[in-house]
S.K.: 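Here it is, the structure, as structure tokens.
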Amino acid sequence: MDKGIVGIIDELAKEHILTEEKLQKLLLWQKKEEIEYLFECARAERERWYGKDVYIRGLIEFTNYCRNDCYYCGLRRSNSKAERYRLKYEEIIDCCRCGYDLGYRTFVLQGGEDYGYTKDMITELVSGIRRAYKDCAITLSFGEWEREAYEEWYMVGANRYLLRHETADCEHYSMLHPPQMSYENRMRCLKDLKEIGYQVGAGFMVGSPYQTTKHLVKDLMFLKKFSPHMVGIGPFISQKDTPFAEENNGALELTLKLLAILRLLLPKVLLPATTALGTIAPNGRQLGILAGANVVMPNLSPINVRKKYAIYDNKISSGEEAAEGKVRLEEQMESIGYKVVVDVGNSKMED
Ligand code: 5AD
């Protein structure tokens, strides 16, 4: 093995920080042997805090309406080909019930920024889920709102909020989003969420258009400083009805490398092996776990809407019932020596 790069990996594993130059070098390193060593270090760090446990989150994609027009996303407002849907209160509660019976103890309400769901409707929804499932975490993930809205939902029982920062470079941010959206407001939201007391998830796409290694270094430095409870990353995957239809997808190897680096930078972070990772490679999620990830987020949405939540092309959406899907996931995890657990799955950060 190359002594220089092994030295860098050892330093990262020990100090949980690296200079920008060293991060850049590690990100550009391609040789297999050293990268496998990086994964080994990441697995050891993960196991130190989470053992072989894999946390599961029940994902409920409750609306695909969106007021935004992000250039990469199939749910963008200008995509007239998207078949829009919005689940009703009762349908969402049914998804939770089904998930609870299967052993899910976190529900993730994910959606576009939908004007059809007002702050008060969300408040009612969160209150209803909280009343019915006192022993569960409620995670919200539907974009940028005013601080007051975030506060209200927290008060009625929401615990976590996922909002990827998308890129920590202001200029790059403006190449992925229309002028109505701003890097500043994104960061304002993340800051508000943290101050309010949410466990916060940030993250970015790997290989998004115009992304350079320097941008990735900036993302890693931002995440180290912001120190979120969770980091969601996955490869960019083009969607045929967006301005980025012809752009290349992000690479599996780079995504795995970033997962491992994130595990070592933020040892106790909750790190999902994302659906996008499972979409670009059939065993992508297993590889993600083997690179240091410790969370998977299976879909609990009703089967008839799953295909419509098409943020990118070929998104894996099995016609499987949630129950069958969970059995298969358990088998996949067991085959690589890990175990899906019934647990609310909090980050060990506050312990
Ligand atoms: N490919 C990969 N990830 C995407 N996202 C949106 N569009 C795509 C795409 N084409 C990610 C964004 C967003 C999250 C919900 O999904 O990072 O925050």
S.K.: Is any side-chain heavy atom of Cys136 less than 4.5 Å from a side-chain heavy atom of Phe107?
M.R.: yes

S.K.: Just how far is it from atom CD of Glu36 to atom CG of Leu290, taken to the nearest 0.5 Å?
M.R.: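 Answer rounded to 0.5 Å: 8.5 Å.
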
S.K.: For Tyr65 together with Tyr117, are the ring centres under 6.0 Å from each other?
M.R.: no

S.K.: Would you kindly confirm whether Leu162 and Ile311 end up in one hydrophobic cluster when ILVMFWY residues are joined by side chain heavy atoms under 4.5 Å apart?
M.R.: no

S.K.: Could you walk me through whether Lys268 and Glu350 pass the salt bridge (Lys or Arg N to Asp or Glu O under 4.0 Å) test, one step at a time?
M.R.: CA-CA 9 Å; Lys268 300 183 191 179; Glu350 264 117 43; over 6 Å; no

S.K.: So, do Phe142 and Trp153 have ring centers that fall under 6.0 Å from each other?
M.R.: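 Ring-ring flag for Phe142/Trp153: true, centres closer than 6.0 Å.
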
S.K.: Would you say Met155 has more than 12 foreign heavy atoms packed within less than 6.0 Å of its CE?
M.R.: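 For Met155, atom CE is not crowded (no more than 12 foreign heavy atoms under 6.0 Å).
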
S.K.: Is there side-chain contact between Met230 and Pro272, with at least one heavy-atom pair below 4.5 Å?
M.R.: yes

S.K.: Could you check if a side-chain atom of Tyr104 sits within less than 4.5 angstrom of a side-chain atom of Arg57, using non-hydrogen atoms only?
M.R.: no

S.K.: With side chains defined as the heavy atoms from C-beta onward, is the minimum distance between Val269 and Leu223 less than 4.5 Å?
M.R.: no

S.K.: Output yes when a side-chain donor or acceptor of Tyr150 lies under 3.5 Å from a complementary backbone atom of Trp145, and no otherwise.
M.R.: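 Judged by distance alone, yes, a pair lies under 3.5 Å.
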
S.K.: For the ring pair (Phe, Tyr, Trp, His ring centres under 6.0 Å) test, which of Phe222, Tyr183, Tyr173 pairs with His165?
M.R.: Phe222

S.K.: Is Leu163 close to Arg186 at the side-chain level, that is, under 4.5 Å between some pair of heavy atoms?
M.R.: yes

S.K.: Do His172 and Ser208 come close enough that some side-chain heavy atom pair is under 4.5 Å?
M.R.: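 Yes, at least one pair of side-chain atoms sits under 4.5 Å.
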
S.K.: How about Tyr198 and Tyr154: are their ring centres within less than 6.0 Å of each other?
M.R.: yes

S.K.: From Ile261 CD1 over to Leu26 CG, what is the distance, rounded to the nearest 0.5 angstrom?
M.R.: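 Nearest 0.5 Å value for the CD1-CG distance: 4.0 Å.
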
S.K.: Contact between Asp313 and Gln239 at the side-chain level, heavy atoms closer than 4.5 Å - yes or no?
M.R.: yes

